[in-house]
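The structure appears below as structure tokens.
Just so it is clear, the structure is predicted and the values come from calculations on it, not from any experiment. Residue numbers start from 1 in every chain, and the chains themselves are labelled A, B, ... in the order their sequence lines are given, proteins ahead of strands.
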Amino acid sequence: MRLAGRLGGAALSLVMVAVLGFFLFRVVPGDPVVSMTRGRPTTAAMQAELRAQFGLDRPLHEQFFSYVSSLLHGDLGTSFTFRRPVAEVIGERLGPTVLLVGTATLIAVGLGLWLGVRAAWRRDSAFDRATTGVSLTLWAVPTFWLGMLLMMVTGDLFPSRGMRDTDTAPDFVSQALDVAHHLVLPSITLVAVVCAEYVLIMRSSLLEEMHAPYLVTARAKGLRDDLVRRRHAVPNAVLPAITLVFLRFGLVVAGAITTETVFSWPGLGLLFYDALTGPDYFLLQGLLLVTAGAVVVMNLLADLLHGVLDPRVKAV
Amino acid sequence: MRVKLCALLATAATLGLATPPATAEGPDILKVAIVQQIDSMNPFLAVFQSSTEIGRLMYDYLTAYAADDQRVTEGLANRWEPSADKLTWTFTVPKGKAWSDGEPITAQDVAFTYNLMLTNEVARTANGSFVTNFSSVTATDNQTVVIKTKAPQVTMLALDIPIVPKHVWEKVGDIKDYANDQMPVVGSGPFVLTEHVPGQFIKLRVNNTYWRGAAKIDELHFVYFQNSDAAVQALGKGEVHLVNRMTPAQFDSLRDKADVARNKAQGRRFTELLINPGAQTNAGEPIGDGNPALKDVRVRRAIAQAIDLDALLQRVSLGYAEKGAGLVPPVFGKWHWQPSPSEERKFDPAAANAALDAAGFPRKADGTRFSLRLTGRAGRAYDEQASEFLKRQLGDIGIPLDVRLVSDNQLNEVTTAATYDLAFSGWATNIDPDFVLGLHTCAQRPGADGKGGTTDAYFCDKTYDELYARQLSEFDEGKRVEIVKQMQARFYDQVPSVVLAYDNALEAYRSDRFARFTTQPAQGGVIMAQNGMWGYYGAEPVVRATSATSWVGWGVLLVGFMAVVLTVMVRTNRRQATAEERE
Amino acid sequence: MNGFNADGFNADGFNAARLLEHKAGVAGAAILAVAALVAVVAPLLIPADALDVTRVTDPPWQAPGAGHWLGTDHTGRSIALLMVQGAGTSLFVGLTAAVLAVAIGALVGVVSGHFGGLLAGALLRVTDFFLVLPALVLAIALSTVLPRGLSTIVLAIGLTSWPSTARVVRAQTLTIEARPFVERARALGGGHGHVIARHVMPSVVPLVLVNATLAVASAIVAESTLAFLGLGDPTRISWGALLHQAQLHGAVPQRAWWFLLPPGAAIVVVVLAFTLVGRALEAVVTPKR
Amino acid sequence: MKNTGLELRNLTVHYGHKRVVNDVSLALAPGQTLGLAGESGSGKSTVAMSVLRLLPKSARVDGEILLDGDDVRAMSWGRLRAVRWASASIVFQGAMHSLNPVRRVGDQIAEPMRLHNTPGSVTELLSQVELPEDKARAYPHELSGGQRQRVMIAMALACGPRLVIADEPTTALDVVVQAQVLGLVKRLVAEQDLGLLMISHDLSVLAETCDDLAVMHRGELVERGGTREVIANPRHPHTAALAAAFPVIGDPNHRLAGPGESTRGAFVLQERTEGPRVPSAAEPLLQVRDLRVDYGRTRAVDGVDLTIGHGEIVALVGQSGSGKTTLARTIMGLRNPSSGRVIFDGREVPRKGRALKAFRRQVQLVLQDPASALNPRHKVIDAVAEGLRVHGLPGDEESLVTAAVERAELRPASEYLQSLPHELSGGQQQRVVIAGALVLQPRLLVADEPVASLDASVRGEIVALLLRLRRELGLASLIITHDLGLAWQIADRVAVMHQGKIVEQGSVEQVLLDPTHDYTRALVRAVPQV
């Protein structure tokens, strides 16, 4: 029942995203046919042909209905620019983004929660102050600036762009090391910004629990301090923190876009940019749907995960 | 447990450090930075400049342009003959040229390609304009192609259409859905496409059976960059070997860089300032909302006179451009037009002021005459800076500017809807000037619905149109050059736009890896974005000595980093452990 | 809540901690005061010619030195002066966007919290929807759609960052509405207007203030991001726009750190200051248990 | 280890400069039961926490705390941890929060056993507290309040301590459940020969379980002795106040509402009538007819009939969840009934609009917790004047407010008008709430647990105030309470509510002394007897 409601809500959100995407990007100025053919010898007749190919000659509402109906068939449309199905184009770029975002999120969550717990448990200690201070500062740092600084500071240590060198040996180990080498700066950038948020979330979440009566109970039972923390405080505090971590996934997406731009990381963020210059309507719509979809799914996951981890939720 | 996880992650992140830099031995690879996306590898669909350029490496055209002087030379065809009425052209495709899979290249392939475009609307997407005037294409035998045109066409030797192998493409069902990604892609050019990872890179290897002889490099990689800044950086680090489209500042930054050679070349592009001359559709209906004052050619001339092209050249282009005049850049020497001293409008604000007074636009009490909007592209360095200069210079003649820097799309929209007074624009020109001249004919203005136009200057002049028609059927090149120059003079005189500058193409390459490249033209020519593939084809690698990489330094760094991480974690844990006693 | 409170059981280290936070908040406020002063006063003191690219005569890309203690940019303008000039734009955009976002958020929050039924359901749905949309993506799309200019940036940031405020305000409204004193007010005959004006608003306002302060911080970062991506108002100097220029004209390959470092550092300092003030306010506003 | 029980010598606790416990000396031999009574803020919980050194770092503890002869204050952390729960354990107040919400109760019970290597099984402990063994797999939220408290008790017994400290173990529980839990504690203490230190504000609870009684007041121990003796002959005035707060049902001395007062009220009322209608004494002030209220699928109020006469005080008693609060809200027009009618003064209560607003002047609400019934940001004058402002009543606001405040016995009013609620004591706050009601000159007061959150000593004063208002203004009241003692003290008539229905209704004496319905009997029986 509750699950059904959540799923329904998520589905509704996606529908709204699809509708919004359609109209929002139609308002983006520019005629895709003109920008496609600019600088090439073209005739008016050819432009008209192209327009008909893309269905841009039809009235807006017709375009909308055909978009909706193909969407219902799982077809995201065809990219003007790449002349291929949007789903395929996005699919190609999904991997790098998932790799970057996944790596960064894993590190950020691990590090963030760990630091947050330590900081909160020893509130106002030097460790806490340092952690909180650094986190607040990193939180204030614009992602792209950090990326550029890192690039400038590290000089020749790391490659300045992309995910792979073209002349790396084809065996798996070399390729993996090459990708890892390229991944260092982008993921540090993304981790720095996202992790800061997670530290603060975890810290305040644990601080909320610090005066819970059940901790007094645990101490009264004779538990060691770290056992009180590990067995009682953290399991409680980590629940809202994890939920928030999942809810803040939009932040990761935003960070990924800027990071990808700075490091020419061949993911969805870069694709988004290229699509905007078209404007490649169907690709933009598809991207919005995918990114918003990712956030929706993350929210849903957060919900489900919360249900699994927190026994109290089942009763509701 | 969480501690271990963190340590593991840190290790994983640091492992990247241990990666060896590019191997020093192995095949000669030329890595080229590209900033523009690749839209499609299907030559019938690819419209981006980057894709077209790679297409040239994969497929030869019927004819080519020589590297040294850009004259028409042998492509797939080595001989051509127009009929007396210029309506029938006979091309000869000699024996001995082969596709990269070994099949011979014949006239059948040429006829197949052209006929595909004639019959299939989708196949016309990229290069359709070249065949609109064709009435039939037939291969009379394996060596002869006969093309009949509806009207005489002067550009028959400038058909920039990649010829595809019939034996591959006749099996293609739907051109629209064909990505042309059956690696290696069968082609006729000096390189063969072997791998394409969208958004990352494109790999080509040398075509050893190329009829001109194999290129000196083994592989050619195009690496994608989000912006030229990153590309320039990568060049500095040696991650790529060849970069173009640099900004003057970037170009300057490489001046003293070791192992980097710069190439300042004459470019095919010009930058112009559009002056809305009262835009109309092709039916003569006014569109847009240009300031009516600009309909007066005297006003347009006065504006042109008030712009200090030299200042823009020095301060904005940092000298990396040539002063603008006609529509054809000087790189195409014979077509280029320069005003004679008597025709030239010299920078003269006083004269401009006087002209405006005379034209009936006196200064008002506040010292202004009328204000204009100046639209440019945000993010294009030239527009951002030049607008500051124009603002000042036009301000001096009593025309305050409202500068609007907008996105690429918005700029397109503004120019196609003619909702501008002044706007920055620019075009890349081809060896044959037909395209850039044709842009400014009345027919290129949009239809009643505001669509279908290709001009953004909205120039419509009877004299000019007549000249255009004449040059199109003038097969005597000397006479045609004359007409083309007359057209440019007319354009200059009527000023629907001011050609501000012919931008230099700024390129740089790793001189420690490559000794030289073939430029087009030979003097002051470009390496990339040629009307041909000479730059890549003629790349000569340096004979290299193996260089040792400092593995030790990497190792030390790695170990040090790990040690710091571990120490921090252990110490925190210990402190935590003792802290429990304090509670 | 229980006997612990009354016995002062929880009266531990909070005071010290709060004092500390306040100290940071005071420092933040001081930084902001200086930044505001710079933003307001400095443009009056900068000679008009100094920032006009057509008039400057100094060589470009000068490293910091005696002449220009933060060096010059690609046109030869003094970075220090540009920084000062840019402060106003960055702060203005940050403040107005935050005000816009928080105003929308507060309105939606109070309305959906106070009134039940369909309206609240719909508003909640919309809030959730906007919460789900990746704000940056939406802001980028918006700033591509709308004409360039400060107002566009403000609108793009404002329209995409209100949902979190709406959530918080709604939660607070619901909390207040569940308090017995609101029931008492209803029992006294108080209508919607009375309850909102006398009970809900006074307790929401401090929260809104905190949110606004924090929203300014993120709005400034958002502005810099949009400007960096080239979506800002190119005719105005802001810190983000400076970074955009730095990247556009190749500061990184030139190692022109003086062009890259100061604008970013200024953003960090000001954003941090807003955050510290916001957190201090939060600490004061939310009663600690 | 010697087994000498607990001894506190000159225990003094400071928080900063604030002294919360002042020179308390107490001894509790093994097997002995001692009740520690006191109001909130008297320092009794601090004493309990100090025994296992559970006070926060900011607390400064002086004196000696001897647990089986060892001073807890001087123990090493390791020793202290070993002593905790093994020598003495605590049954905390509010089991909901004192149990870890995300761990199964079985694990939580077993945790100290593993820690201290105590043999025994969770099942056995659960059976001792009369819980089925499958409850070990339950999470705290899946248990009822009484079950949770039993879990707490089982947990306290896990390591077989000689001393159990119970801190308000039954405060949040219903009367009937409270009686069960107290019975359980008594049985276990007796069976296992435990020492018990029981802390409560409720003398009757302590009387039920403890042989000895100690009373704390403002951090000091003011009285100590045998339970019955202390209650019967309190030496300290504070003890007397505490004792008086828990009326003995059936004792006429504790019955404050005299017969016949209500009619006198009606008479007074006529003199000050402003409304158009002159009420006749024959027609009751409020009639509820077959009222039903549904919350979704559940029926909270199920066919209730209730009548309140002019100037009459009616007590509506029942356990939490019986629907009494919903009934009150519906009468006030704060909720719409599903069916049935509410007739006030001969006219049906309007459901919305201006008429409803006008009706609300007539009926006023007094809530349980005065601290939360007052907006912490509003000064007394604003809180009291709120009704005047809402209704836009004419007249000098300040003088009306002053009159109402003084009527509520906050004298002189000027001293209080500019205060904020947190500057007042609980009793004063409740008077402000009452003044806020009085200022509109209502005819019916609906009071939801008006004294439940007040300290014992204040409770009597508020009760007296309500009675005086009835006497002087003819103010009728509907008192909602779970506390039969309060009903005995104040009400003319009692209605007993159970599962949405009124199961018994009649005069106080009739219902409380001679209950006819089974439920009423169970309620009456559950009241702890002093």
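Looking at D/Asp382, the atoms closer than 4.5 Å to chain C (heavy atoms on both sides) all sit in the side chain, from C-beta outward. C/His199 touches chain D through backbone and side chain together, each having a heavy atom under 4.5 Å away. In this structure, chain C has a heavy atom under 4.5 Å from the side chain of D/His378, while its backbone stays farther away.
Contacts with chain C (heavy atom to heavy atom, under 4.5 Å) involve these residues of residues 362-369 of chain D, listed by number: D/Val363, D/Gln364, D/Leu365, D/Leu367.
Contact annotation: the side chain of D/Ser372 never approaches that of C/Phe181 to less than 4.5 Å [non-hydrogen atoms, C-beta and beyond]. A 4.5 Å side-chain heavy-atom check between D/Arg329 and D/Asp448 finds at least one atom pair inside the cut-off. Within the 4.5 Å cutoff, the side chain of C/Thr89 has no heavy atoms near those of the C/Phe92 side chain. C/Leu142 is not listed as a side-chain neighbour of C/Thr152, based on a closest heavy-atom distance of 4.5 Å or more.
Between C/Glu177 and C/Arg170 no salt bridge is recorded (no basic side-chain N to carboxylate O distance below 4.0 Å). With salt bridges taken as basic N to acidic carboxylate O contacts below 4.0 Å, none links D/Lys44 and D/Asp167. Salt bridge D/Glu397/D/Arg389: present, at least one basic N to carboxylate O contact under 4.0 Å.
Of the listed residues (D/Ala437, D/Pro370, D/Gly387), the one with the most heavy-atom contacts under 4.5 Å to chain C is D/Gly387. Of the listed residues D/Asn375, D/Leu440, D/Val21, the one with more heavy-atom pairs under 4.5 angstrom with chain C than any other is D/Asn375. Per-residue heavy-atom pair counts under 4.5 Å with chain C were compared for D/Glu168, D/His391, D/Met332, and the maximum is reached by D/His391.
Here D/Glu39 contributes atom CD and D/Asp455 contributes atom CG; the two are 4.0 Å apart, rounded to the nearest 0.5 Å.
Using a 3.5 Å distance cut-off with no hydrogens or angles, the side chains of C/Glu223 and C/Ser238 do pair a donor with an acceptor.
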